Trainee: 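Okay, here's the structure, questions in a sec.
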Amino acid sequence: SQVNYIEWLKDFGAVLGCAVENDTINFGPGLGQGFSKSFSFEKGFSAGLNNYQLNVDLEFNRRPTEKFGVIIYLYFIEDKGMLQYSFDDVAVDLQQGTHYAIRIASSQTFHHIKFDKTAPVKGLSIFLENEWIEKNAHYRVLEVFKYLQKVNSFEHFLNAKQKKLVGEILDLPEDHPYPA
């Protein structure tokens, strides 16, 4: 179930049997390569940054939360084998290949994604809790989020220029000081 990304990373590490140090998992040779980091910018506003390829198939099932929140996903997944995705029990047909996605979703929805060990994953996820939204979002943004409560999700397919920008955002080196 979606919580701030500091807590989410601890749960992710526990499931994989990995230590979380300084809000970071560094995947070693036994499990894969790359990293997963979490950031808390202020109460109600957190993010997770992922850049890894594991040696095992991975399946995520995110259960709905009771309280409304917004999750913004900016992801690149190169599917070389098997990729399954469903949103609120509606399967999304994804062809084998490279997938760039921007998705804004309510935390009150169910997500399922499964990919195999051949898939490199790069992504940035931002979680905005309802209290943070009400305190910090301006009227126009609040209207968008109220609409999101009704439709549960917004997904945008990217053009070549947008894909290049996503790639630049996600290709920062592991030692980059992201919160700075």
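Being a predicted model, the structure only gives us computed values, none of them experimental.
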Trainee: Where do G30 and N55 come nearest, in terms of heavy atoms and distance?
Mentor: O-ND2, 3.6 Å
Trainee: If the test is side chain to side chain contact (heavy atoms under 4.5 Å, CB included), which one of L49, L74, I72 qualifies with I126?
Mentor: I72
Trainee: Which word best sums up how the rings of Y52 and F12 line up, parallel for under 30°, tilted for 30 to 60°, or perpendicular for over 60°?
Mentor: tilted
Trainee: Looking only at heavy atoms, which two atoms of K43 and W132 are closest? And how far apart?
Mentor: O-CD1, 3.3 Å
Trainee: Measure the spacing between CZ of F68 and OG of S106 and express it to the nearest 0.5 Å.
Mentor: 5.0 Å
Trainee: Are R62 and T109 packed together at the side-chain level, in the sense that at least one heavy-atom pair is separated by less than 4.5 angstrom?
Mentor: yes
Trainee: Compare all side-chain heavy atoms of N4 with those of E129 and state whether any distance is below 4.5 angstrom.
Mentor: yes
Trainee: Side chains of T24 and S36: closer than 4.5 Å at any heavy-atom pair?
Mentor: no
Trainee: Please determine whether a side-chain nitrogen of the Lys or Arg among E131 and K67 lies less than 4.0 Å from a carboxylate oxygen of the Asp or Glu.
Mentor: yes
Trainee: Does atom CD of E42 have more than 12 heavy-atom neighbours from other groups under 6.0 Å away?
Mentor: yes
Trainee: Does the plane of the ring in F41 sit parallel, tilted or perpendicular to the ring in F45? Use 30° and 60° as the thresholds.
Mentor: tilted
Trainee: If two hydrophobic side chains count as joined below 4.5 Å and joins carry through other members, does Y75 share a cluster with F60?
Mentor: yes
Trainee: Is any side-chain heavy atom of K10 less than 4.5 Å from a side-chain heavy atom of I6?
Mentor: yes
